[in-house]
Protein chains: 2
Amino acid sequence: MDKSCSNCAHRQAAEWSVLEGANVAHMDDARRSRSFLAGEAIYHEGDEATGVYCVSSGLVGIRKVDADGESVLLRLVRPGQTFGYRSLLTGTPHGVSAEVLKEGRICHVPAATVHRIAADSPALVMAFFRHLARDMAEAENKVMETVTASCRVRFLRLLVAFGGEADSDEGTRVRLELPVSRQDIASLIGVRSETMSRVIRAIENEGLAHFKGRHVDIPDARRLADESFGSLAA
Amino acid sequence: MDKSCSNCAHRQAAEWSVLEGANVAHMDDARRSRSFLAGEAIYHEGDEATGVYCVSSGLVGIRKVDADGESVLLRLVRPGQTFGYRSLLTGTPHGVSAEVLKEGRICHVPAATVHRIAADSPALVMAFFRHLARDMAEAENKVMETVTASCRVRFLRLLVAFGGEADSDEGTRVRLELPVSRQDIASLIGVRSETMSRVIRAIENEGLAHFKGRHVDIPDARRLADESFGSLAA
DNA sequence: TCCGGGTGTTGATTCAGATCAATTCCAAGA
DNA sequence: TCTTGGAATTGATCTGAATCAACACCCGGA
């Protein structure tokens with residue numbers, strides 16, 4: 001399996017899709033994939049970048065830890081997405097750590113290869129720029145949210161985001177699976193896990209959604225989406 | 001004044017410094033500068049990008065407003081720094097708004113020019129990538145801080161950041177001037193202005209710093225820096 | 001089968017910061 | 001000079017979320 005990027009299921013999604021000709025071969029050639037178990041660290045804050053990573057399957061979390069040991073889960077990286085390119089391209093140590101949240105397979109493209117191809121293909125650099133721009137926009141949203149929205153609203157919005165990726169069968173009912181543990185969800189929206197529990201119970205009681213393990217059943221997605229639009233759903 | 005980028009006081013700082021040969025001339029030729037008064041908007045969220053801006057003098061604030069009208073000041077743009085390049089390069093509408101906080105002069109390089117030069121100079125794109133990467137790192141720090149640190153600590157860290165740019169005369173005493181109003185500082189660290197006042201008064205009472213208008217006098221910068229390192233200064 | 005430990009839940013209590021409501025301060029304009 | 005309106009301060013009160021402390025649940029291993 002995984003013999004080549006060309007037949008990777010996610011080829012379209014990743015930055016590599018802009019590559020042409022010999023560069024595709026270079027990539028395929030230098031690329032190495034290996035499987036990771038949940039909990040394994042891929043790199044730590046402060047490490048030097050050794051290349052660019054690409055999630056083939058599983059789920060990766062980008063984390064940051066402060067001096068007090070407080071850890072925040074900044075974002076998730078899903079299959080088909082790349083990560084770690086920022087430090088590599090700027091030549092600075094990683095400012096965040098990456099860790100496997102759900103076991104899977106992750107490709108690694110060595111630094112030298114990325115640099116060589118980037119020097120030859122401005123389109124690749126541009127693709128990474130776009131990726132970074134999108135991440136930046138999300139980071140800005142996150143700052144806004146943590147400052148202005150209650151933890152309840154933040155959680156509802158996260159549900160909506162997860163739901164967007166899930167299968168919303170024609171009607172308004174949506175069934176989805178939480179990709180990570182509740183602790184991690186709490187960390188993702190910046191609250192304590194106890195608070196997370198209470199928020200979930202409240203939502204459950206109101207009948208907005210039904211939680212069983214990692215399964216979530218949303219009877220009326222529209223109602224939930226409305227609620228997630230800030231406190232005043234004018 | 002301001003006849004050319006070549007003799008701009010901030011030439012070294014901005015992304016343009018990587019340009020060579022004819023591209024420098026193209027830039028200089030197309031560039032237009034004009035002065036803005038405090039409070040003027042440069043662009044709004046949702047606007048299409050018309051070019052890249054460069055602060056010559058004064059101060060610019062990057063803001064984001066949510067559905068409820070809550071506004072957060074995300075970051076400041078100082079003389080010598082560029083902004084607005086993100087939307088231009090990705091071809092997406094601005095996700096934030098830019099507004100003049102302190103009157104001054106701002107240069108504008110039209111979209112067509114930037115695109116033409118960028119197509120010819122991969123180094124320019126790379127320079128913008130670096131800028132974005134730095135902003136992203138700061139955004140990540142901001143998320144961390146708003147989630148983990150008290151508003152007191154967040155304010156102290158902001159003071160330290162301002163102090164870093166100021167003149168710390170040989171000793172530990174630092175004298176600096178706040179670049180923006182207290183309301184804006186409150187918005188910058190994500191608290192209400194009332195809270196801001198109280199925090200400032202508390203710091204004043206402890207003798208950590210002395211505030212008079214926008215002037216701040218820090219008798220012992222080291223002590224202040226220590227305090228800013230989270231709640232537990234082990 | 002009985003552990004053990006990680007994950008999640010629940011309750012009681014506390015506290016940081018928001019909110020509501022007056023003032024006071026101050027700079028620009030008439 | 002007086003006026004005026006935004007910026008800043010101050011006080012009283014409320015509340016959302018953290019904290020502290022048990023306890024229930026579930027799953028893999030001996």
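Here is the naming used below: chain letters follow the sequence lines, and residue numbers restart at 1 for every chain.
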What is the distance, to the nearest angstrom, from the [atom1] atom on [X] to the [atom2] atom on [N]?
{"X": "Glu194(A)", "N": "dC23(D)", "atom1": "CD", "atom2": "P", "answer": "16 Å"}
{"X": "Arg152(A)", "N": "dT15(D)", "atom1": "CZ", "atom2": "P", "answer": "17 Å"}
{"X": "Ile185(A)", "N": "dT7(C)", "atom1": "CD1", "atom2": "P", "answer": "14 Å"}

Any Thr195(B) side-chain N or O less than 4.0 Å from OP1/OP2 of dA18(C): yes
Basic-acidic side-chain contact under 4.0 Å: Arg201(A), Glu206(A):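 No.
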Note: Arg182(B)-Glu194(B) ion pair, threshold 4.0 Å (strictly below): no
Passing option when Leu74(A) is tested against Glu138(A), Arg63(A), Lys64(A) for side-chain contact (heavy atoms from CB on, under 4.5 Å): Lys64(A)
Ser150(B), nearest nucleotide to its side chain (from dA17(D), dG8(C), dG17(C)): dG17(C)
Members of residues 211-218 of chain B that approach DNA chain C, where some heavy atom sits under 4.0 Å away: none
Any side-chain donor near an acceptor of the partner, Glu45(A) and Ser97(A), under 3.5 Å: no
Any side-chain donor near an acceptor of the partner, Arg105(A) and Ser33(A), under 3.5 Å: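 Note: Arg105(A) and Ser33(A) side chains meet the donor-acceptor criterion.
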Criterion side-chain contact (heavy atoms from CB on, under 4.5 Å) on Arg31(B) and His108(B), from CA distance to verdict: CA-CA 6 Å; Arg31(B) 186 189 114 268; His108(B) 177 261; over 6 Å; no
Residues in contact with DNA chain D, drawn from residues 196-210 of chain B - heavy-atom cutoff 4.0 Å: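 Result for residues 196-210 of chain B: Ser197(B), Arg198(B), Arg201(B), sorted by number.
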